[in-house]
Amino acid sequence: MTSSIFLTMAGWTSDKFRLNCLDNQGLKRTLLKMLILDNGSKSENIDGADRAAAEYLSVDQKVANSNSKSLLSFFAINALELSAPASPVLLQQNAPAIPSGWLQLSGHPKSIASMANGIVRKRVSGADDAEVLAYRYLSADSYGAKVAPKFLGVRHLQGEHFIELQDLLHGFQDPNVMDIKMGFRTFSENEVSNTKLREDLYKKMIAVDPNAPTAEEHQRKAITKLRYMLFRENMSSSQEKGFRIEALKMRGCSPITDLKTVKSSHAIKDTITHFIDGRKVVLKDLLKRLKQMRTLIEKSEFFRQHQVVGSSIFIVYDNHKVGAWLIDFAKALPLPEGVRVDHRSRWGLGNCEEGLLYGFDELIQTLEEIYKACPPAVSESRRFYRR
């Protein structure tokens, strides 16, 4: 779902988090329905459980008073599919055949399975899969290997191939988890090389925003795949910040996977502030780790020779430690001969830039601003980062 596009006004996040922790599923559905209905909807037209929801919302009118789009637009934006097409990260708690409490991380449900001794297996297309090749290269890179999960090899089981990786949740106790998609773009250049005009993509665009197409695009009623992908990315903070909050899970609450359209600086800070939950020492340790990761990437031969599209920073913390890794390398492709990238320059078709390090810079700056605004920790035990 992408309902958060209507909730990026100041104050939405507290309601979103409070809503997500409700046990009453019927009330939760009603609240979600109310949050996306037109601003003109009146409480007198609501009865039963919906009236109870209205009374609940009256505790805090910030969301109720914010401007929102129509229900039709809500469904249109759902159809837009803002997630990166190759490997969006889904947080799926207590999925079938997965040990209780384990979070599945994959764009395709059940493509990852937790094994014993802190290992996960992820289904890949074969031994020469792009992600397999990326992890092989990373594991041999003394700098890059310290940024990503440990690569433990490839297995061929019952006709399918699996990559074995470090389980990043192993050793954490009921942690808080956040996934942040990095870069200006989450699509590869070969996805948008076709310049054919497509009516279906034009229809998707105007279903979300009738004013988005140019006069020329309105006249021909068609747009290119590149135009559509850039429009889609612009719904999030990716193009401006070089990162977007993809999903998160707080201890004791259901996962929130519809955060891709949290776009403004205020909404981003508000979301991260809720995630940190006032734990200033977690912010300090996280900043230390992200700065370390940035330095390692700048020194890494792997990152010097690859464009890294659609990867995410995976953040985990509990009452004792903090962890952060770069994950998802399905679109980490070798650079063409003679092409060099700095991972900070703006992308243009053919230059292979993706903005990975620009996103690190912006994310670190955002966390530093949150840290400065965070009140001093009171009676909080010292934590430390440990891989």
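Note that the coordinates shown come from a computational prediction; the quantities given were computed from them, not determined experimentally. Quick note: numbers below take in every heavy atom, side chains included, and nothing from hydrogens, waters or symmetry partners.
The backbone N or O of Arg251 lies less than 3.5 Å from a partner atom in the side chain of Asn176, making a donor-acceptor pair. Without hydrogens or angle criteria, Ser311 side chain to Val308 main chain gives no donor-acceptor distance under 3.5 Å. Not one N or O on the side chain of Asp277 forms a donor-acceptor pair closer than 3.5 Å with the backbone of His274.
Sorted by first and then second residue, the salt bridge (Lys or Arg N to Asp or Glu O under 4.0 Å) pairs involving residues 126-142 (not counting sequence neighbours) are Lys122-Glu131. Residue pairs satisfying the salt bridge (Lys or Arg N to Asp or Glu O under 4.0 Å) criterion with at least one member in residues 304-313, sequence neighbours excluded, are listed as follows: Glu301-Arg304.
Each of Leu356, Val309, Asp328 was compared with Met182 under the side-chain contact (heavy atoms from CB on, under 4.5 Å) criterion, and only Leu356 meets it. The residue from Lys291, Lys269, Lys284, Lys288 that alone fulfils the salt bridge (charged side-chain N to carboxylate O under 4.0 Å, His left out) condition with Glu368 is Lys291.
In the hydrophobic clustering (ILVMFWY side chains linked at under 4.5 Å, chained through shared members), Leu333 stands by itself.
Using a 4.0 Å cut-off between charged nitrogen and carboxylate oxygen, Glu353 and Arg346 do not count as a salt-bridge pair.
In summary, the side chains of Gln307 and Arg185 do present a donor paired with an acceptor at a separation below 3.5 Å, with no hydrogens or angles considered. Side chains of Asn319 and Arg279: a donor on one and an acceptor on the other come within 3.5 Å. Remark: the Lys241 side chain and the Ser265 side chain contain an N/O donor-acceptor pair separated by less than 3.5 Å. Residues Tyr137 and Gln305 bring a donor and an acceptor atom of their side chains to less than 3.5 Å of each other. A donor-acceptor pair shorter than 3.5 Å cannot be found between the side chains of Glu246 and Ser312. If you check the side chains of Ser345 and Asp342, you find a donor sitting under 3.5 Å from an acceptor.
Linking Ile, Leu, Val, Met, Phe, Trp and Tyr whenever their side-chain heavy atoms come within less than 4.5 Å leaves Phe184 and Ile364 in two separate clusters. Each of Phe360 and Val341 belongs to its own hydrophobic cluster when Ile, Leu, Val, Met, Phe, Trp and Tyr are linked at side-chain heavy-atom distances under 4.5 angstrom. Note on Tyr135: it clusters hydrophobically with Ile297, by side-chain heavy-atom contacts below 4.5 Å among ILVMFWY residues.
Ring to ring, Trp347 and Phe187 are close: their centroids are under 6.0 angstrom apart.
Between Met205 and Ile223 the shortest side-chain heavy-atom distance falls below 4.5 Å. Here the side chains of Leu230 and Asn234 are not in contact, with every heavy-atom distance at 4.5 Å or above.
With sequence neighbours left out, His343 forms a ring-ring contact (aromatic ring centres under 6.0 Å, His included) with no residue at all. When the side chain to side chain contact (heavy atoms under 4.5 Å, CB included) test is applied to Lys203, no partner is found at least two apart in sequence or on another chain. Every ring-ring contact (aromatic ring centres under 6.0 Å, His included) that His218 has, sequence neighbours left out, goes to Tyr202.
Here Met178 contributes atom CE and Leu248 contributes atom CG; the two are 4.5 Å apart, rounded to the nearest 0.5 Å. One finds the CG atom of Leu357 at 5.5 Å from the CD atom of Glu298 (value rounded to the nearest 0.5 Å). Between atom CD1 of residue Ile327 and atom CZ of residue Phe314 there is a gap of 6.0 Å, rounded to the nearest 0.5 Å. A distance of 7.0 Å separates CD1 of Ile276 from CG of Leu367, quoted to the nearest 0.5 Å.
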